[in-house]
There are 2 protein chains.
Amino acid sequence: MKFSASKENHLKAIFHLQHEQGIVTTNALAAALQTRPASVTDMLKKLKEQKLLIYQRYKGFRLNNEGKKAAIQVIRKHRLWEFFLVKKLQFGWDEVHEIAEELEHISSKKLVDRLDAFLGFPDTDPHGDPIPDSQGRFLQRRQISLSELPLNKVVQVSAIASQTTEMLELLQHKNIRLGTRLEVRKKFPFDNSLEVKIRNRPPVMLSAQVAKNVLVKDDE
Amino acid sequence: MKFSASKENHLKAIFHLQHEQGIVTTNALAAALQTRPASVTDMLKKLKEQKLLIYQRYKGFRLNNEGKKAAIQVIRKHRLWEFFLVKKLQFGWDEVHEIAEELEHISSKKLVDRLDAFLGFPDTDPHGDPIPDSQGRFLQRRQISLSELPLNKVVQVSAIASQTTEMLELLQHKNIRLGTRLEVRKKFPFDNSLEVKIRNRPPVMLSAQVAKNVLVKDDE
DNA sequence: TTTTAATTTTAGATTTGTCTAAATTTTATT
DNA sequence: AATAAAATTTAGACAAATCTAAAATTAAAA
């Protein structure tokens, strides 16, 4: 499981984008990587070939578990090196990103784990972002209620607070279940109802009561 | 002055080889880099293009000052990272080489200098090799008498201990002067005389008295 | 819903670093 | 000194990662 620097950069960028947007588009990734859409398409084919992402042409893409695991290892390296640069080498937090962009591609797993130990197993990098541990576990992403969710952030349904039959029946009817990926498209302050969008389906409305009981977590 | 990892590897290997052999051959470099002679030739053209070495086809090559400076920076990085890995991350001195081979290509000059300071400006790496400082100065290589020099090691004449006219005249006659690169080809225990070889010239004999007064230093 | 616009993909080229096989040059040997 | 052997270089190919320009597909607008 060793990838070229370019592949690692793509994996990492896709990871971040799908965390924000659920599904990633060619243009978005090209913009994030300062490259051309055609180049992204080329790379997608290779990453799909290596079974790191789910991708159908023209339809967008997202990392599968393998791809996520790989991306998280890169992010772990990046953030540990940033921590090192700031805490040990006295760099300012604002000048470490570029250097960490290079260091993150050093491949030795043992090096990363030793560095982690040397730094005291930090769980947050100098920018406040969580540092995945050596198993790829992030600092807990807490689950929040759908009613607290900001607009247009794609999340995954992680739990249903009220397990009443009526509630479950309603969600069943709207085709929302555990693991469903969705985002809030609009909020109506009048009654706190929400318009929710699930990919490839027409938007659905959810009342404040329902929204309050649908718990979601960050989707990666 | 930023070079690809491959170029840096070539520069470094040439530097080491010319330190031992004075002039470097295509085959020797290919062997050192575990690559093919044809690939070396390709790279030589590029390095010559960038004015990092002196090279005429079929005639061997050596780094010029620019090339040496670049090579020394790579060696500096390599040795500092090795020091870091052993002294800070508890690696064994025998397991750091490969990792340092990757780390040495990280380009930030500031990173290297900060690392150097963090490590307390060490002057020797875990294998006992000297670490160049940020100006590229090595721990001084002392000059020794030609009579103490091991066989087949190419060195440069750095001083003449006895400045008598006779001595200088003799050296003049044999075309040996300050800066001349030479090596000892054979030693005759009978009278401690030496056969000395200067590139592109027939071997010359030097008596023990003369050899004792010719001081040489490592040639890079 | 047709037409237009935006997005995405393909086709073909380019750069860097590498390779093999053949040709050239140098060095060693008879 | 002629020939054989070794070393080196050239010619041509390939893989990875990128690009431009054109074609295909999807999404948006009239």
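The model shown is predicted, which means the values in this text are computed figures rather than measured ones. Per chain, numbering begins at 1; letters A, B, ... match sequence-line order.
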Report the distance from atom CD of A:E8 to atom C1' of D:dA17, rounded to the nearest whole Å. 15 Å
How many whole angstroms separate atom CG of B:N9 from atom P of C:dT16? 17 Å
Categorize A:S6 for me: base, sugar-phosphate, or nothing, with a 4.0 angstrom heavy-atom threshold over every strand shown. sugar-phosphate
B:T35 vs C:dC19: side-chain N/O to OP1/OP2 distance below 4.0 Å: yes
Tell me whether the OP1 or OP2 atom of D:dT18 has a side-chain N or O from A:R36 closer than 4.0 Å. no
Pair of N/O donor and acceptor under 3.5 Å linking C:dT24 base with B:Y58 side chain: yes
Separation of D:dA11 atom P from B:D42 atom CG, nearest Å, is 11 Å
Within less than 4.0 Å of OP1 or OP2 of C:dT8, is there a side-chain N or O belonging to A:N27? yes
Checking side-chain polar atoms at under 3.5 Å, does B:S4 have a donor or acceptor matched by the opposite partner on B:S6? no
Whole-Å distance between D:dT25 C1' and A:R57 CZ? 9 Å
Could you tell me whether the side chain of A:R79 and the main chain of A:D125 form a donor-acceptor pair under 3.5 Å? no
For DNA chain C, what residues of residues 43-52 of chain A have any heavy atom nearer than 4.0 Å? A:K45
For atom CG of A:L11 and atom P of D:dA17, their distance in whole Å: 11 Å
Spacing of A:K7 atom NZ relative to D:dA17 atom C1', expressed in whole Å: 10 Å
Determine the contact category for B:F61: base if any of its heavy atoms lies under 4.0 Å from a base atom, sugar-phosphate if only primed atoms, P, OP1 or OP2 are that close, otherwise nothing. nothing
Taking 4.0 Å as the cut-off, does a side-chain nitrogen or oxygen of A:T26 come that near to OP1 or OP2 on C:dT7? no
Taking the side chain of A:Y55 as heavy atoms from C-beta outward, which of C:dT9, C:dT10, C:dC19 is closest to it? C:dT9
Which part of the nucleic acid does A:T41 contact within heavy-atom distance under 4.0 Å: base, sugar-phosphate only, or nothing? base
Verify, without hydrogens or angle tests, whether A:E102 (side chain) and A:I99 (backbone) share a donor-acceptor contact under 3.5 angstrom. no
So which nucleotide from C:dT9, D:dT18, D:dA17 ends up closest to the side chain of A:H10? D:dT18
Without swapping roles, check the side chain of A:Q18 against the backbone of A:F15 for a donor-acceptor pair under 3.5 Å. no
Honestly, is A:K88 close enough over A:F118, meaning NZ or CZ under 6.0 Å from the six-membered ring centre and within 45° of the axis? yes
Are the side chain of B:R76 and the backbone of B:P132 linked by a donor-acceptor contact shorter than 3.5 Å? yes
A:S193 side chain to A:D191 side chain, donor-acceptor N/O pair below 3.5 angstrom: yes
Nearest whole Å is fine: how far is C:dT25 C1' from B:Q56 CD? 14 Å
Starting from P on C:dT7, measure out to CG on A:L29 and report it in whole angstrom. 15 Å
Could you tell me whether the phosphate oxygens of D:dC19, OP1 or OP2, come under 4.0 Å of any side-chain nitrogen or oxygen in A:S39? yes
Checking B:T35 side chain against B:A31 main chain: does a donor-acceptor pair fall under 3.5 Å? no
